[in-house]
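Below: one structure, written as structure tokens.
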Amino acid sequence: MDTGIGLARVFGPFLLILGLWMLFYHHNAHKIMTSMKNTAATFYCHGSLNLLIGLFILNEYNYWDMSLFVLISLLGWLFLIRGLMILFFPQLLIKCTMSSHFSIRLNGIFPLIYGILLCWIGF
């Protein structure tokens with residue numbers, strides 16, 4: 001349980017801040033994502049980092065008890081799957097997530113809500 005609280009205290013504020021940034025600064029997020037998709041090395045690093053974070057979370061906390069702590073295990077799987085998608089299917093991910101400013105705003109809502117839930121668990 002202590003590991004779960006620690007992970008929630010780290011990833012909760014991280015996702016909360018990331019979600020807020022994507023909602024309020026979606027123009028900058030669009031510029032960064034456009035730059036990333038034009039630079040294969042940056043895209044590869046992003047995918048590798050997501051894969052590493054997902055594997056780290058799942059190594060530290062992969063419990064499927066019926067409580068809110070299941071959100072931490074789910075977060076690990078989401079990072080892992082996202083990393084694999086970036087590495088193996090980058091064009092599909094670009095088409096789905098980087099099409100417009102509105103889609104970037106929508107992509108900011110998910111981490112915002114997830115971050116709020118993890119902050120509620122951790123603090």
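For Phe88, the CZ atom counts as loosely surrounded, since its 6.0 Å shell holds 12 or fewer non-hydrogen atoms of other residues, nucleotides or ligands.
Residues Phe79 and Leu84 form no side-chain contact, since every pair of their non-hydrogen atoms from C-beta on lies 4.5 Å or further apart. Inter-residue side-chain proximity for Phe11 and Ile72 is flagged as unmet; no heavy-atom pair is nearer than 4.5 Å. Using a 4.5 Å heavy-atom cutoff, the side chains of Pro111 and Leu16 are not in contact. The side-chain heavy atoms of Val70 and Leu74, taken from C-beta on, include no pair separated by under 4.5 Å. Side-chain contact between Leu15 and Leu75 is present, with at least one heavy-atom pair separated by less than 4.5 Å.
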Problem - Candidate pair Phe123 and Ile5, rule side chain to side chain contact (heavy atoms under 4.5 Å, CB included), full reasoning - result: CA-CA 8 Å; Phe123 298 104; Ile5 291 173; over 6 Å; no

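Summarising the geometry, atom CD1 belonging to Ile53 is positioned 9.0 Å from atom CZ belonging to Arg82; distances are rounded to the nearest 0.5 Å. Atoms CG and CG, on Leu117 and Leu68 in that order, are 7.0 Å from each other to the nearest 0.5 Å. Distance check: Met36 CE to Ile86 CD1 gives 6.0 Å after rounding to the nearest 0.5 Å. To the nearest 0.5 Å, atom CD1 of residue Ile113 and atom CG of residue Leu118 are 12.0 Å apart. Rounding to the nearest 0.5 angstrom, the gap separating the CZ atom in Phe24 from the NE2 atom in His26 is 10.0 Å. Distance check, rounded to the nearest 0.5 Å: CE of Met33 to CG of Asn28 gives 11.5 Å.
Ile17 and Leu78 are not part of a single hydrophobic cluster, where members link through side-chain heavy atoms under 4.5 Å apart. Linking Ile, Leu, Val, Met, Phe, Trp and Tyr residues whenever their side-chain heavy atoms come within less than 4.5 Å leaves Leu52 and Leu18 in two separate clusters.
Side-chain atoms of Tyr114 come within 3.5 Å of backbone atoms of Leu71 as a donor-acceptor pair (strictly under, hydrogens ignored). With hydrogens and angles disregarded, no donor-acceptor distance shorter than 3.5 Å links the side chain of Ser35 to the backbone of Lys31. A side-chain donor-acceptor contact under 3.5 Å links Ser67 to the backbone of Phe69. A distance-only check finds a donor-acceptor pair linking the side chain of Asn50 to the backbone of His46 [under 3.5 Å]. Checking side-chain atoms of Ser73 against main-chain N and O of Trp64 turns up no donor-acceptor pair under 3.5 Å.
When every heavy atom of Pro13 is checked against every heavy atom of Ala8, the shortest pair comes out as CD-O, 3.8 Å. Taking every heavy atom of both residues into account, Met22 and Asn107 meet most closely at CE-CB, 3.9 Å. Of all heavy-atom pairs spanning Gly12 and Cys119, the tightest one is C-SG, 3.4 Å.
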